[in-house]
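Bear in mind the structure is a predicted one, so any value in this text is a computation, not a measurement. Only heavy atoms go into these numbers, but all of them, side chains included; no hydrogens, no water, no symmetry mates.
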Amino acid sequence: MPVPTSPTYITLRNGDQVKVNDHVYCSPTWSIRDGTPYSIARIMEFLPAQGTPTFDSVGKRNEPFTRVRLAWYYRPGDVSDRPVADSRLLLAAIYSEVCDLNQLRAKCHVIHRDKISDLAGWKKRPDRFYFTRLFDPWIRKEFEVIQATSVRNIPDHIREVLTGRYEYVVAEKEIVPDLTDELRLCATCEKWCPPPETVQCDRCKNFFHMACVTPPLLAKPSRGYGWTCAPCSRQHEEEVDSHEVRHPTPVAPKPKSNAPAPRGRGRPRKDRVLAEKEENVEIKHFKMWPFRYFGQYTVAEDTLDPEDFIFPRAATRVGPKYQVNCFPVAGSENNLPPGIEERGTESTIEVLNSVHEMSPEEVAAMETYKSTLTRNEKLKHNIDWLTEAIRRFSAAWQNRRDMATVNMQSPNRLEKWKTEQTRYIDREWSEAEKAAFEDAILNHGAELRPVRDEVGSRTMPEVVRYYGHWKNMKLGEENRRIKAARASGLSMLARPPSRAGSAEEDSSIIAEPTKGNASCGACRTRESDNWWKAPKGLVTNVLCDNCGISWRKYADLNVRPFREETISKHTKGADKREGTPLTGPAAKRARTLSTIQATPPPSVSQQNRCLACYKNGLPGKVLRCRNCSFRAHPGVIGAVVDATSLDQWLCDLCSNEKLQEFSVNYDCLLCPRTRKDPKKKQFHPPADSFLRSCKPTEGQAWVHTLCSVFIPEISYSDATRLRLVEGISTMPPYRWMNKCTLCDQSGGAVVRCSDCPAEYHVSCAWKAGHKFGFEMQPVKASRRDTTTVVDFKDFNGCMVPTVTCKGHPAHRRERFEMCEMNELGETAVQVYCKNYKQAPTANIHGLLRKARRLDQIIQTEDSIDSESTLASSEMHCWSCGTEYSPCFYSFTVKEFMVGDEFGEAWECHNCHMKQIENHQESVNGGNGLNGINGMDGMDGIEPS
């Protein structure tokens, strides 16, 4: 048990003294970090050398200290591509690592925004940072950080524990107003109302438990709908019945906010005493952390437990997945529903090992047979293989089968309560996967989610298991090297460069710049007291003292634009003005911006960013066109490239420019036609957009790859390469007739949003930033014989392409991005096109398929003509010609005679009644009735 002692101070190389809970700059040697800025962290504890216990027998920390545990902070640019102008803003994190003590560079100060009285003055002081949000590296989500004392909507005993242990609380942005509101009590039971179990009446503004209202509510109202309690509903009905309801003019309510009042940005304070007081403010920590998660998925009573997890959560922890069935109380009966087996019995458990029940002779026989299952010595010592072998021998022994019947030929096993078989041992990693894994580890360290994304073809459990084996392999190599050194008589073999570099190795200060690096790579100055090594991507390899410190501490560089114009050969250098670059023109230079925001230096291995998913990848994972620099994952554009010719790859349009196999007019047939000036040069689709990816059609024209994938009537003659688009002529007419809601044009084919009636062109939706993906819809057992069912990432169902407006909120339906890969390395686009868009090419030529489609169109038009002919021969009035009447009356007409018989004609109800009225008037006038319906007097008409 540790004994409380006075704080321990450690002196850094620059002379700063630091203790626990101080903030420091941390960084490995310059060669290892490859020019990246310093990391910022909080010291959690000092540790002795590896292998030495942290505490001795009396509870005192062992010395000397050689390591330190750090709680990291992130810069906004580390977790997002959005540019952030404030270089002093950080993101907190509940993530820690152990580093060597000699990686600490200098001391800095980091506090919460609400504890700073003058932010402008705080940022003008060196080594000062602040934070307002927290980033969780595991679920890749940001949360708000508020002071624990501002949380008021919780019971008093929970609030006392929360504020007594932690300084801050982490919660979702939409939950913060509920937490900082006054204590909410149920209007029925007068007990505290937790936000997840509470509804508020829209009229009286009282709060109720969902279980306290009558009838009880099973769920909250959907977004956009309100709820009123029973008395308010009754009062509203009475007002409506008495016609006393007056609807006032709606006034937009002022949004409620619990944020602190805005502060002026005036001149910084000159009160240094107040600034130093803010720097040295005491922050409460509980188990070395100043904050904990208290958001949407937190049960308030769990915070009373000191062992409760403080990490943010992305889903609830309530349900059968997290809670076990309790044993019945003594004296009560355990009445389970019919068909449900009680958990924990013999029928619900899975036996993994029965060796302890075998006799010594049976164990010896099992060992004998086990040695004959494989000849691979490495496999015999594999933990997964040994576990599965023991399980199969135990199953054979329980079923009274001979041990000789056990074999390990199948790598799959059927686990209990699972419908599909799973592998008991992972597939062998290829050399390309190993190289991608090691490159990703070099870039991201132990954060295995981005490592999984760069590997692509492996699941998260496989990456985690391989990471453990890989670390053991590296440690084994180091231990063998040490043993070999000791056997040869050396005290210790020189280790390769590690993150624990010496002061001489870490020195990134240059004594004197060389002739080719005579100026700063950022501000172009030629005078500086100290020169620092510069990150990659700048004009020179050195930085001046100001730029070097600004980049290392604040990740900020004001790069002066470099002019690449070359001077004329006849221009003399003596004619130049002082300060003009040697490569600049002799004439007056044009005005340029003095500073531009610098981009971070590239990573250790050059990566390409896919224009479809905007994620980085190695050159083998993301292709780059040699001519136009278009970049995309090969599985999204149907590219099949040999590993030896990655640098020579050309996109389809650049390849057609060279080979001239298809049309040179690259307008998409599925998009609206754009007016072009014939005098101007025709431009191709831009290379910085995914719409650059186009595919040829069977008529030698072109369509966007995106349009051909997300319009369901389109098919491919080769779905693997997404080439020779077919079926454009068989698309339904409404796709061409309806207008696009984005560009307001009727030309081109439209698709409908999956969540609303909006229709738009696929290319317009991509430019507007709408969401593209594929949904896995479940298929009933009765329809599985007639529906194509696919498996993708542990999901089974019918794969449907979806385009969703960017303003719609995310739903719970499982949706995959275009570039997401399964365990075989196939993207979602590849799986969808291979199963749903492959044209029937077996024994059918392309021309024959096209002819059949044209026949289908002709037959459809003939059927439409025949229907129109039938429609034209339907009943219409002989007198007025109308086709609409509640009743038609037939009679014979001489003009429609067929042979010796009169033809048949029709009369609407209106005209028929007029004839009867005329006949009655004629009868009253004494003319008499000579025929039925009064039609004998009409020329050429014979009554029927």
Hey, does Leu742 have a side-chain heavy atom less than 4.5 Å from the side chain of His770?
-> yes
So, His761 side chain and Gly747 main chain: donor-acceptor pair closer than 3.5 Å or not?
-> yes
Test side chain to side chain contact (heavy atoms under 4.5 Å, CB included) on Thr705 and Phe710 and set out the steps.
-> CA-CA 9 Å; Thr705 305; Phe710 283 88; over 6 Å; no
Looking at CG of Leu706 and OG of Ser763, how far apart are the two atoms once the value is rounded to the nearest 0.5 Å?
-> 8.5 Å
Do you know the tightest heavy-atom contact between Glu144 and Val176?
-> CB-CG2, 3.9 Å
Asp202 and Tyr225: CA distance, side-chain angles, deciding distance, side chain to side chain contact (heavy atoms under 4.5 Å, CB included) verdict = CA-CA 10 Å; Asp202 282 349; Tyr225 293 87; over 6 Å; no
Check against side chain to side chain contact (heavy atoms under 4.5 Å, CB included), Arg609 and Lys615 = CA-CA 5 Å; Arg609 169 165 291 189; Lys615 293 182 180 179; over 6 Å; no
Reported CD1-to-CZ distance for the pair Ile711 and Arg735, which is rounded to 0.5 angstrom = 6.5 Å
Would you say the side-chain atoms of Tyr836 pair up with the backbone N or O of Met799, donor to acceptor, closer than 3.5 Å?
-> yes
In terms of the angle between their ring planes, are Trp906 and Phe888 parallel, tilted or perpendicular, with boundaries placed at 30° and 60°?
-> perpendicular
Specify the closest pair of heavy atoms between Met818 and Ala612, including all atoms of both residues, with the distance to one decimal.
-> CE-CB, 4.0 Å
Any side-chain heavy atom of Cys756 within less than 4.5 Å of one from Cys805?
-> yes
Should Leu722 and Cys833 be marked as a side chain to side chain contact (heavy atoms under 4.5 Å, CB included) after you check the CA-CA gap, both sets of side-chain angles, and the distance that decides it?
-> CA-CA 8 Å; Leu722 308 182; Cys833 295; 3.6 Å; yes
Atom CG of Asp647 with >12 non-hydrogen neighbours under 6.0 angstrom = no
Asn656 side-chain N/O to Ser663 backbone N/O, donor-acceptor pair under 3.5 Å = yes
Does Ser708 offer a backbone N or O that forms a donor-acceptor pair with the side chain of Lys837 under 3.5 Å?
-> yes
How far does CD1 of Ile175 sit from CD of Gln296, to the nearest 0.5 angstrom?
-> 4.5 Å
Got a salt bridge between Arg140 and Glu142, using NZ or NE/NH1/NH2 to carboxylate O under 4.0 Å?
-> no
Shortest non-hydrogen contact from Phe690 to Ala632?
-> CE1-CB, 4.3 Å
Is Ser717 close to Glu698 at the side-chain level, that is, under 4.5 Å between some pair of heavy atoms?
-> no
Mind listing the closest non-hydrogen atom pair of Val84 and Pro76 along with its distance?
-> CG2-CB, 3.6 Å
Do Asp78 and Phe135 touch side chain to side chain, with heavy atoms closer than 4.5 Å?
-> no
Over all heavy atoms of both residues, which pair between Cys819 and Val636 is shortest? Give the atoms and the distance, please.
-> SG-CG2, 3.3 Å
For the residue pair Leu724 and Phe662, what are the closest heavy atoms and their distance?
-> CD2-CE2, 4.2 Å
Evaluate the side-chain proximity of His704 to Leu691: yes if any heavy-atom separation is below 4.5 Å, no if none is.
-> yes
Which atom pairs, donor and acceptor, lie under 3.5 Å between side-chain atoms of residues 618-630 and protein residues at least two apart or in another chain?
from   : atom 1 : to     : atom 2 : distance (Å)
Lys621 : NZ     : Val455 : O      : 3.2
Arg626 : NE     : Gln648 : OE1    : 3.2

Counting only N and O atoms by type, is there a donor-acceptor contact under 3.5 Å from the side chain of Lys695 to the main-chain atoms of Ile637?
-> yes
Heavy atoms, side chains only, cut-off 4.5 Å: are Pro137 and Tyr74 in contact?
-> yes
About how many Å separate CZ of Arg631 and CG of Leu611, when rounded to the nearest 0.5 Å?
-> 4.5 Å
Any donor-acceptor pair under 3.5 Å from Asn822 side chain to Lys793 backbone = no
The single option from Phe772, Phe774, Phe795, Tyr832 passing ring-ring contact (aromatic ring centres under 6.0 Å, His included) against Phe816 | Phe795
Is any NZ, NE, NH1 or NH2 atom of the basic residue among Arg752 and Glu759 found under 4.0 Å from an Asp or Glu carboxylate oxygen of the other?
-> yes
Supply the atom-to-atom distance Cys694 SG to Leu669 CG, rounded to the nearest 0.5 angstrom.
-> 10.0 Å
Taken to the nearest 0.5 Å, the spacing of Gln838 CD from Glu726 CD works out to 9.0 Å
Name the one of Val790, Val789, Val779 that satisfies side-chain contact (heavy atoms from CB on, under 4.5 Å) with Asn796?
-> Val789
Student check: side-chain heavy atoms of Cys753 and His808 closer than 4.5 Å | yes
For the side chain of Ser754 and the backbone of Thr802, is there at least one donor-acceptor N/O pair under 3.5 Å apart?
-> no
So, does Gln777 use its side chain to make a donor-acceptor pair with the main chain of Val800 at under 3.5 Å?
-> no
Does the side chain of Pro312 come within less than 4.5 Å of Trp138's, by heavy atoms?
-> no
Between the side chain of Gln700 and the main-chain N/O of Thr697, is any donor-acceptor distance below 3.5 Å?
-> no
NZ/Lys767: more than 12 non-hydrogen atoms of other groups inside 6.0 Å | no
